[in-house]
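Each chain gets a letter, A, B and so on, in the order its sequence line appears, and its residues count up from 1. Note that this is a predicted model, so its numbers are computed, not measured.
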Amino acid sequence: MTQINHLPHEAEDRASQKVPRLRFAPSPTGFQHIGGYRTALFSWLFARHTGGQFIIRIEDTDVARTVEGAVDYLIDGMKWLLMDYDEGPLVGGPYGPYYQTQRKALYQQYTNQLIESGHAYRCYCTPERLAEMRAEQEAKKLPPRYDRRCRYLTPEERAANDAAGLKWVVRSAMPIEGETLVHDELRGDITFNNTDLDDTVILKSDGLPTYHLAHIVDDHLMGITHTLRGEEWISSAPRHVQIYKALGWEIPLMYHLPSVLGKDKKKLSKRHNAPSWKALEEQGYLPEAVFNFLALLGWSYDDKTEILTQEELIKAFTLDRIGISGGIYDPEKLIWMNGVYIRQLSLDKLVERTLPYMERPEIQGGLPDSVSRPLDRAYTARVLQLEHERLKTLGEAAEVISFFYVDELTYETEMLIPKKMDAAATREALQQARDLLATLTWEHEVMEGAMRQLAQERGFKPGPFFGPQRVAISGRTAAPPLFETMEVLGREKTLERIDKAIARLS
RNA sequence: GCCUCGUUCGUCUAGCGGCCUUGGACGCCGCCCUUUCAAGGCGGAGAUCACGGGUUCGAAUCCCGUACGAGGUACCA
């Protein structure tokens, strides 16, 4: 690729020097919600777009909050959302290990380097003292900040503290004056006053690093070229910049992604109105639809294209089209998009993917337990064909089509009787329909023709005439086209159900 | 409180100085199709481009301020 007639944007220039490497670095402290996966998805798309690598790294340094099973859940979610990865848990890779708890020695090594170069120091302050200090500062309406007492300890004092076996953490020594420039590729330069920078803890008393140190060491060692993370990190970015500088490392290109918000405009969080991928799967959302939807949350292709396959997204995805203002997650639009993807499925695929939802136990949203499994595939295909364009999620199929499978229909007799008609008239109409139906070839075109003729001859209006039949055979007022439904249901069941309806009206 | 980011229809967004009395999509409403429900087609309502100043021949687009929203302010990420 030769492109010499224009000066590339700085970001492109730097990025083009090497194969892009991007990472998704979740902490296993709970179940990743779709906002988190959106971040992963952007990184993944860009890696695939450029032919770069996509890495998963587990940031499990907060041992106390680590939730068992979270990593498996996370990886399963990636798989479900159709994202693979080149390096990470399970598959390993040349830059491993990919769990931060297994890289402890590395962080300690660089912490020592920082201490030696005067960019970090041991702090012996107890949590009690820190809490006290904070309370005082708050009372005085001062910004809560570590007072740097330990930063100015003499070597003798330090030695004495160590000899006394005091517990310590390591804090980074931030510059006291001047400014720090954070260059965000999406927003441009952001300037921070160094007086606002706290000497944050980079190594905890348990010997593990905090995020601030760990991600820098790992991103550097793993050769990460672009870092995509939530915009909640902007405020700690200047401290990260300082640590990079202290270590003498090049800073990867930083992209702070806009937040995904809930209906209340608050950032989506695990315990707060954020669906997990599992919940979406259980409801019968197609991962390819969710993928498409998520890609459009904070990124856009142009002024009209919204339905893009994963392949198209890979081809189209560039970082410069990421937006900067937070967006509310709109479940309504996801439902619509899911419907679009369902309609695009071939009947065969639809059956294959819907069957598990129908066969799951009733309590989980499957067909009534009285219906024996496994379901007849050919029959189910005929059923699903009728419902195909009506489905919004795979999970709702069972409820909508259960009448094709159960023996007994349950519905209110009232539903049988159209407005402006009484029970007797309805019964009479049903009886006539039933008598004619019994004589017909069981094909929907034949039935429709004959029945329409009957309606015309007897002066029945289509609505009130066909309506009761629909309720009689399906127990529902909203159902697929009547005669196709009858055809699939079969003569015997159809006539039997109409008879039962007639009996109800007697 | 302090620091930082953000602000175009209810929602997702297009827009990077003239093509915009802002285009698309979801949702909503109406009409058509129709035995119901969908799907589909057509149409509509819906944004003083948060507000106020500037810069400019010209601003949704650039600058400043204000308001509002969000995020951060942990030995959490």
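Qualifying side-chain hydrogen bond (donor to acceptor under 3.5 Å, both in side chains) partners for A:Y73, counting only residues two or more places apart in sequence or in other chains: A:S276. Shown here are the side-chain contact (heavy atoms from CB on, under 4.5 Å) partners of A:Q453, two or more places apart in sequence or in another chain: A:E457. Annotation: side-chain contact (heavy atoms from CB on, under 4.5 Å) contacts of A:Q385 (sequence neighbours excluded): A:L347.
Within the shown strands, B:C64 is the pairing partner of B:G52 under the Watson-Crick or G-U definition, both distances less than 3.5 Å. Pair assignment for B:U21 gives none, since no Watson-Crick or G-U wobble pairing has each distance under 3.5 Å. Here B:A59 sits opposite no nucleotide as a Watson-Crick or G-U wobble pair (both hydrogen-bonding atom distances under 3.5 Å). With a cut-off of 3.5 Å on both Watson-Crick or G-U wobble distances, the partner of B:C75 is given as none. If you check B:C26 for Watson-Crick or wobble pairing at under 3.5 angstrom, you find it paired to B:G10. Applying the Watson-Crick and G-U wobble criteria (two distances, each under 3.5 Å), B:C16 pairs with nothing in any strand. Pairing for B:A70 is with B:U4, a Watson-Crick or G-U wobble pair whose two hydrogen-bonding atom distances lie under 3.5 Å. Base pairing of B:A39: no nucleotide in any strand meets the Watson-Crick or G-U wobble criterion (both distances under 3.5 Å).
Between A:L308 atom CG and B:G24 atom P the separation is 18 Å, expressed in whole Å. In this structure, CD1 of A:I417 is placed 20 Å from P of B:U36, rounded to the nearest angstrom. The separation between A:I324 atom CD1 and B:U8 atom P is 11 Å, rounded to whole Å. Spacing between atom CZ of A:R23 and atom C1' of B:A77 amounts to 12 Å, rounded to whole angstrom units. For the pair A:E185 CD and B:C5 P, the computed distance is 16 Å after rounding to whole Å. Between the NE2 atom of A:H183 and the C1' atom of B:U4 there is a distance of 17 Å, given to the nearest Å. Nucleotide B:G27 holds its P atom 12 Å from the NZ atom of A:K263, rounded to whole Å. Spacing between atom CD1 of A:I216 and atom C1' of B:A77 amounts to 14 Å, rounded to whole angstrom units.
Here the options are A:D162, A:T111, A:N161, the test is side-chain hydrogen bond (donor to acceptor under 3.5 Å, both in side chains), and the partner is A:R122; only A:D162 passes.
Taking side-chain N and O atoms only, A:T477 has no distance below 4.0 Å to OP1 or OP2 of B:U36. Side-chain nitrogen and oxygen atoms of A:K392 include none within less than 4.0 Å of the OP1 or OP2 phosphate oxygen of B:C26. For B:G15, one of the phosphate oxygens OP1 or OP2 lies less than 4.0 angstrom from a side-chain nitrogen or oxygen of A:R321. Between A:T210 and B:A77 there is no side-chain polar atom (N or O) within less than 4.0 angstrom of OP1 or OP2. Between A:K140 and B:G1, a side-chain N or O to OP1/OP2 separation shorter than 4.0 Å is absent.
Between A:F24 and A:F42, a ring centre-to-centre spacing not shorter than 6.0 Å is recorded.
Each of A:A479 and A:G298 lies near RNA chain B, and the nucleotide nearest A:G298 is the one positioned closer to the 5' end. Along RNA chain B, the nucleotide nearest A:K167 and the nucleotide nearest A:L391 are compared for position; the residue whose nucleotide lies closer to the 5' end is A:L391.
Taking only side-chain atoms of A:A478, from C-beta outward, the nucleotide of B:U36, B:C76, B:C75 with the closest atom is B:U36. Listed nucleotides B:G6, B:C12, B:C3 differ in distance to A:F192; the shortest reach to its side chain belongs to B:C3. Among the nucleotides B:A14, B:G24, B:G27, the one closest to any side-chain atom of A:E332 is B:G27. Of the candidates B:C3, B:A77, B:U7, the closest approach to any side-chain atom of A:D196 belongs to B:C3. Closest to the A:E59 side chain, of the nucleotides B:C37, B:A77, B:U4, is B:A77. The side chain of A:K333 approaches B:G24 more closely than any other nucleotide in the set B:U7, B:A39, B:G24. With B:U4, B:U34, B:A25 as the candidates, the nucleotide lying closest to the side chain of A:E306 is B:A25.
Ion pair A:R134/A:E132 not flagged as a salt bridge, since none of the NZ, NE, NH1 or NH2 atoms sits closer than 4.0 Å to an Asp/Glu carboxylate oxygen. With respect to A:R321 and A:D302, no salt bridge is recorded, no charged nitrogen being found less than 4.0 Å from a carboxylate O. Ion pairing between a basic and an acidic side chain is recognised when a charged N comes within 4.0 Å of a carboxylate O; A:E288 and A:R353 show such pairing.
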Identify each atom pair where a protein N or O and an N or O of nucleotides 61-67 of chain B are less than 3.5 Å apart, giving names and distance.
none

Set out, line by line, the N/O atom pairs under 3.5 Å between protein and nucleotides 72-74 of chain B.
residue, atom, partner, partner atom, Å
B:G72, O4', A:S235, OG, 3.3
B:G72, O2', A:S235, OG, 3.0
B:U73, O2', A:P144, O, 3.4

Tabulated below should be each protein N or O lying under 3.5 Å from an N or O of nucleotides 40-43 of chain B; please produce it.
residue, atom, partner, partner atom, Å
B:G40, OP1, A:R343, NH1, 3.4

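Using a 4.0 Å heavy-atom criterion, one finds that A:G327 contacts the sugar-phosphate atoms exclusively. Across all strands, A:P258 comes closer than 4.0 Å to no nucleic acid atom at all (heavy-atom distances). A:P464 comes within 4.0 angstrom of no nucleic acid atom, judged by non-hydrogen atoms across all strands. Heavy atoms of A:I190 sit under 4.0 angstrom from primed sugar atoms or phosphate atoms, though from no base atom. Backbone-only engagement by A:S325 is indicated by non-hydrogen atom pairs under 4.0 Å involving sugar-phosphate atoms exclusively. Residue A:P238 is out of contact with every strand shown, counting any heavy-atom pair closer than 4.0 Å.
Figure legend: cation-pi geometry between A:R504 and A:Y411, with NZ or CZ positioned under 6.0 Å from the six-membered ring centre and within 45° of its axis.
Crowding of A:R149 atom CZ: a count of heavy atoms from other residues, nucleotides or ligands under 6.0 Å not exceeding 12.
Side-chain atoms of A:R187 and base atoms of B:C5 include no donor and acceptor less than 3.5 Å apart.
Separation of the P atoms belonging to B:C62 and B:G6 is 11 Å when rounded to the nearest angstrom. A distance of about 27 Å separates the C1' atoms of B:G30 and B:A14, rounded to the whole Å. With both ends at atom C1', the span from B:C49 to B:C33 equals 38 Å, rounded to whole Å.
Residues A:L186 and A:H256 approach most closely at CD2-O, 3.6 Å, considering heavy atoms.
Using bins of under 30°, 30° to 60° and over 60° for the plane-to-plane angle, the ring pair A:Y211/A:W233 lands in the parallel bin.
Checking side-chain atoms of A:E185 against main-chain N and O of A:L253 turns up no donor-acceptor pair under 3.5 Å.
Using a 3.5 Å distance cut-off with no hydrogens or angles, the side chains of A:T393 and A:Q283 do not pair a donor with an acceptor.
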Run the side-chain contact (heavy atoms from CB on, under 4.5 Å) check on A:I34 and A:L280 step by step: do they pass?
CA-CA 9 Å; A:I34 57 159; A:L280 294 175; 3.6 Å; yes
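Taking the side chain as every heavy atom from C-beta outward, A:P28 and A:L74 never approach each other to under 4.5 Å.
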